[in-house]
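Here the structure comes first, spelled out in structure tokens, and everything after it is commentary.
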Amino acid sequence: MAPSVCLQEMIRVIRSARTQGEERGVIQRECAAIRAQFRQADSGGRSHNLAKLLYVHMLGYPAHFGQMECVRMIASPRYSEKRIGYLGAMMLLDEKQDASLLITNSIKNDLSHSSQYIQSLALCTLACMGSAEMCRDLAPEIERLLKASNSYIKKKAALCAVHIVRKIPELGELFTPSAHSLLSDKNHGVLHGAVVLITELCERNPGNLDEFRKAVPELVQIMKGLVTSGYSPEHNVAGISDPFLQVRVLRLLRILGRNNDEASDAMNDLLAQVATNTDSSKTAGSAVLYETVLTIMDIKSESGLRVLAVNILGRFLLNNDRNIRYISMTSLQKIVQTDHTAVQRHRGTIVDCLKDQDASVKRRALELSLALVSAANIRSMMKELLRFLSTCPPELRSHATSGIFNAAERYAPSQRWHIDTILHVLITAGGDVRDETVPNLIQLISVASELHCYTVHKLYRALISDISQQSLVQVACWCIGEYGDLLLKGDCDEIEPMQVTEDDVLDVLETILQSHMSSPTSRGFALTAIMKLSTRITNNIESVVSIYGSFVCDLLDLLGETNTSSQANQNQVNTTSNSTSSSVQENLLDLLGGLEPTPGKGNILFYFNLFTGTMSVTCLCVFSAPNVTVYEKGGVNLKLQCDNQTETAITVTFTASNSTQSDITSFTLQAAVPKSVQLQMKAPSGDVIPAQVCPHFCRFSTQSAAQHLKMRVRLSYTSQGTLCQDMVQIDSFPSPAWN
Amino acid sequence: MIKAILIFNNHGKPRLSKFYEHYSEDTEQQIIRETFHLVSKRDENVCNFLEGGMLIDGSDNKLIYRHYATLYFVFCVDSSESELGILDLIQVFVETLDKCFENVCELDLIFHVDKVHNILAEMVMGGMVLETNMNEIITQVDAQNKMEKSETFIFQSPRQDR
């Protein structure tokens, strides 16, 4: 076997591939070679092969066949092989794979190895991917290593212990005594690890807090040492002595001082010292200062200190560096609940940040602004928030709208303001509001009875300028349906008058029905509005009926057969026998020329949709279309319906439904008519009929009177894997009940 | 806790990917793609913190990133880490790489990705910051490399493209 090519060579070859396909080819060849090499018992370049595999894995190609090789390499006595084996284990293995159990023994042995570097490999891998069983097995080893004399090993063992505590919190007791004693180590790495371990122990088990509160004086000493020490080049970052360690210690002090007077007292002076002496011109100093501020706010500190802290945050809010501004807003967010008035003082700056170009800063500013809204500032804050909404980045819009709605609901100074605010949001960002906004708004409007006139006028005006925002369309249609008479009357004391005729209203509603932008729900609302109006308007009844005729399919949708479940849920029908209902019923009968409704035969089904429990249903009239079944076989049912019949033309609609348990696919329909008849076919609604679903429409219109029409229809579909074909001859077509 | 450390170039090609929580291979690639997409949209003078994306999605995780020439260094962290501290950590990481490779450039990371992993292992362990003292890190890395060299022959092709 030729000596395997080394990692660099393979990388070079991969990089020289010009296309994705070429790269894939190269990698497949390499992987095949690597696989073959793995199968061989021994070859000189074992670690190269695994390294190559890991590179390939990073690029996104499958590498799971390397798992066993990792196990083998870890068991090898050679350092180079162990190293790459452990790296492979961290990248390819996780606790869910069986192979990870196999390395437990190797890790155990390596933890007691004479070489600290091999010990460190084992520690690192255990901390990265150690499963609960592995941790339980090896915890005593780790505890032993915490007391080792070698600081390199101690610091790694401390972090490994943190991982173990995260996996099995009960084992925390094992590490508690050693953790405390680690604090007296001089090595910063060990101190850092110790502080992280103690933090984890306290967070997992509040019982440990008392034990570790005894360590507060030691921690204060450590901090004092760091803050006041002279220049120490080793740990210095921009003039601050080991800011990483300082931040960790401050965080631990916060946890220990929370809700405990004694501990808080012990750290007051230190915090004051750090807050005043730290140079915040560079990131490192700012990091320490922020941590200090958060700690001051979280423990029981003196009021003077608290004021100092909030002022520091306020100062940083004005900093030119965006990072600092971002962080200060994050910090203010943490304290806004507890120190609300202090943060309110900075409201102006925060609101200004809403206009920042940086999306991250905007996000923070939005969160904070929403938290700062109160009864006192609702009007001015809402102005700012609405202004923000118009320039808001798309990923923040839904959060902004729901925040605005919540704020408006809690603090609205008047109903009119509330309705205006919601309208504004719907006009600006109607596409990003939550689904329950529409029924909530309808509820709100129906309750505010003195504002019905104002509301319907405003909504109508919004509607005629823009019908693209679906939630606005839906609410507006509902209002027009309910309060159409107020709209037509024309005058309203709170807005300038505008003459609205019945034609105008019907035009708008018809436009909504015809527009491709309107969702099925919006169409349902529009149709319902027309239905409601039909009882109130008298002059334009023919246009109303013609609209119904053109939108038969939408009406059938309204019956909840193909439409979304929300529509179906909203169809609540009550028949109440009171005088209103019967008079409306009579009116409808008059419309249609004295036809008596007989269920099972007739034309269109009318449902009145309800959205609030307070509205009572007006009427249920049943007119059903002559729906004839022409084909029924194997769960597939084809019905036929005729409309729009004139002397010479008729529109035929075929409705296919599927009552089997599985979907029907590739459904096609072909029709043939005698030569004397002209046929126009419109596109069907689809070629898949989901299981248990009706209907599925397919329209034809023919130039022939109903009595002369004969048609042959060929069906073809796939049901439960088999292709079915059938032919049906239709000799007579039913005529609709009215002409 | 640090959830992931990613290095990729201006075109989204990954140069280093280290995850401290387990994800499937497909998810890992998706995360890399998505992170690149989010980070590459950012202007030059905005802040270094980002929220959004699969790793984040409703949790308190953030992306903290720095852009150096052709490379993005991205750390995904949760709220237990100090954001400014992580920014400094990225800086220490890059400076360490610079010392170890002598004026590091993207090609160094491409051809010696295993060495980069070794350096990173001395700084971050199990998602937690281990050591931030650059000299200490470099001392340990050098010692380990010496150990490795002493036992094996490494086949190398002569360096061609540098």
Side-chain angles (χ1 to χ4, degrees), chain A residues 3 6-9 11 15 45 47-48 51 54-55 57-60 62 78-80 83-84 87 94-96 115 117 124 127-129 152 155-156 159-160 162-163 188-189 192-193 196 234-235 237 242-244 247 283-284 286-287 290-291 322-323 325-327 330 357-358 360-361 363 395, chain B residues 13-20 22 25-26 28-29 32 42-43 45-52 80 82-85 87-89 91-92 110-114 117-118 121 125-133 135-136 140 143-144 147-157 159-161:
Chain A
C6 76
L7 174 64
Q8 278 78 22
E9 184 57 37
I11 295 177
R15 276 166 66 74
S47 48
H48 304 310
L54 294 179
Y55 182 81
H57 170 79
M58 179 181 74
L59 291 181
R78 297 165 81 184
Y79 177 70
S80 55
R83 198 183 207 187
I84 196 81
L87 181 61
D94 77 291
E95 52 192 64
K96 294 191 198 73
S115 159
Y117 297 116
C124 188
C128 264
M129 43 82 65
Y152 180 68
K155 76 182 179 196
K156 295 206 173 189
L159 289 187
C160 206
V162 176
H163 177 85
H188 280 217
H192 189 272
V196 175
E234 288 218 321
H235 298 106
V237 178
D242 208 344
F244 298 98
V247 163
T283 314
S286 304
Y290 279 122
E291 217 56 47
R322 281 205 172 88
N323 285 337
R325 257 186 282 162
Y326 178 93
I327 298 297
T330 313
Q357 338 162 312
D358 182 344
S360 297
V361 171
R363 187 189 283 262
E395 62 270 13
Chain B
K13 285 223 90 126
R15 297 300 175 212
L16 181 100
S17 66
K18 181 85 185 164
F19 290 88
Y20 293 99
H22 184 76
E25 284 173 1
D26 284 329
E28 287 186 0
Q29 288 301 310
I32 294 174
R42 303 278 284 169
D43 283 333
N45 55 352
V46 298
C47 71
N48 298 87
F49 310 112
L50 252 185
E51 295 169 60
S80 72
S82 158
E83 292 97 340
L84 293 176
L87 263 188
D88 269 341
L89 186 67
Q91 183 67 20
V92 171
I110 295 170
F111 282 97
H112 299 283
V113 63
D114 51 340
H117 269 287
N118 294 336
M125 192 173 109
M128 294 165 278
V129 177
L130 173 68
E131 179 63 65
T132 54
N133 178 343
N135 292 331
E136 174 70 20
Q140 299 300 343
Q144 290 176 47
M147 225 177 117
E148 205 172 306
K149 277 205 178 69
S150 70
E151 6 163 278
T152 56
F153 284 113
I154 301 175
F155 290 104
Q156 258 184 353
S157 36
R159 278 170 153 194
Q160 288 156 343
D161 38 359

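Quick caveat: nothing in here was measured; it's all calculated off a predicted structure.
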Looking only at B/N45, B/D43, B/L16, most heavy-atom pairs under 4.5 Å shared with chain A are made by B/N45
Chain A heavy atoms under 4.5 Å from B/R15: which part of the residue, side chain, backbone, both or neither? both
Is B/H117 close to A/M58 at the side-chain level, that is, under 4.5 Å between some pair of heavy atoms? no
NZ (B/K149) and OG (A/S80) are apart, to the nearest 0.5 Å, by 11.5 Å
Which atom pair, heavy atoms only, marks the closest approach of B/L130 to A/K156? CD2-CE, 3.6 Å
Interatomic spacing from NZ in A/K155 to CD in B/E131 - rounded to 0.5 Å: 3.5 Å
Gap between atom CG of A/D358 and atom CG of B/L50 - 0.5 Å precision: 8.5 Å
Kindly give the heavy-atom pair with the smallest separation between B/M147 and A/S115, and that separation in Å. CE-OG, 3.6 Å
Work out which heavy atom in B/E83 is nearest to a heavy atom in A/T330; give both atom names and the distance. OE2-CG2, 4.1 Å
Do B/H112 and A/L7 have side chains that approach each other closer than 4.5 Å (heavy atoms only, starting at C-beta)? no
Do B/C47 and A/R325 have side chains that get closer than 4.5 Å, going by heavy atoms? no
With rounding to the nearest 0.5 angstrom, report the CG to CZ distance, B/L89 to A/F244. 5.0 Å
What distance separates B/H22 NE2 from A/C128 SG, expressed to the nearest 0.5 Å? 13.0 Å
Side chain B/N48, main chain A/N323, donor-acceptor under 3.5 Å: no
Please tell me whether A/Y117 and B/Q140 have a donor and an acceptor in their side chains that are separated by less than 3.5 angstrom. yes
Is the shortest heavy-atom distance from the side chain of A/R83 to the side chain of B/Q144 under 4.5 Å? yes
Report the C-alpha separation of A/L54 and B/D114 in whole Å, then their side-chain angles, then the decisive distance to 0.1 Å, and conclude whether the side chain to side chain contact (heavy atoms under 4.5 Å, CB included) test is met. CA-CA 9 Å; A/L54 294 179; B/D114 51 340; over 6 Å; no
Which one, B/I110, B/L87, B/V113, leads in non-hydrogen pairs under 4.5 Å with chain A? B/I110
Taking every heavy-atom pair that is under 4.5 Å apart, which of A/R363, A/H163, A/E291 has the most such pairs with chain B? A/R363
Under a 4.5 Å heavy-atom cutoff, which of A/V196, A/L59, A/I84, A/D242 has the most pairs with chain B? A/L59
Please state whether the side chain, the backbone, both or neither of A/L159 comes within less than 4.5 Å of a heavy atom of chain B. both
Side-chain touch A/H57/B/S17, heavy atoms, less than 4.5 angstrom: no
Scored by heavy-atom pairs under 4.5 Å with chain B, the best of A/G189, A/P243, A/C124 is A/C124
Over all atoms of both residues, closest heavy-atom pair of A/V162 and B/M128: CG1-SD, 3.4 Å
With a 4.5 angstrom heavy-atom cut-off, could you sort out which part of A/E395 is near chain B: side chain, backbone, both or neither? neither
Starting from the C-alpha separation in whole Å, work towards a yes-or-no answer on side chain to side chain contact (heavy atoms under 4.5 Å, CB included) for B/K13 and A/R15. CA-CA 11 Å; B/K13 285 223 90 126; A/R15 276 166 66 74; over 6 Å; no
Flag side-chain contact, heavy atom, 4.5 Å: B/N133 against A/H188: no
For each of A/A284, A/S360, A/G60, tally heavy-atom pairs with chain B at distances under 4.5 Å, and name the one with the top tally. A/S360
When rounded to the nearest 0.5 angstrom, what distance separates CZ in B/F111 from CD in A/E9? 9.0 Å
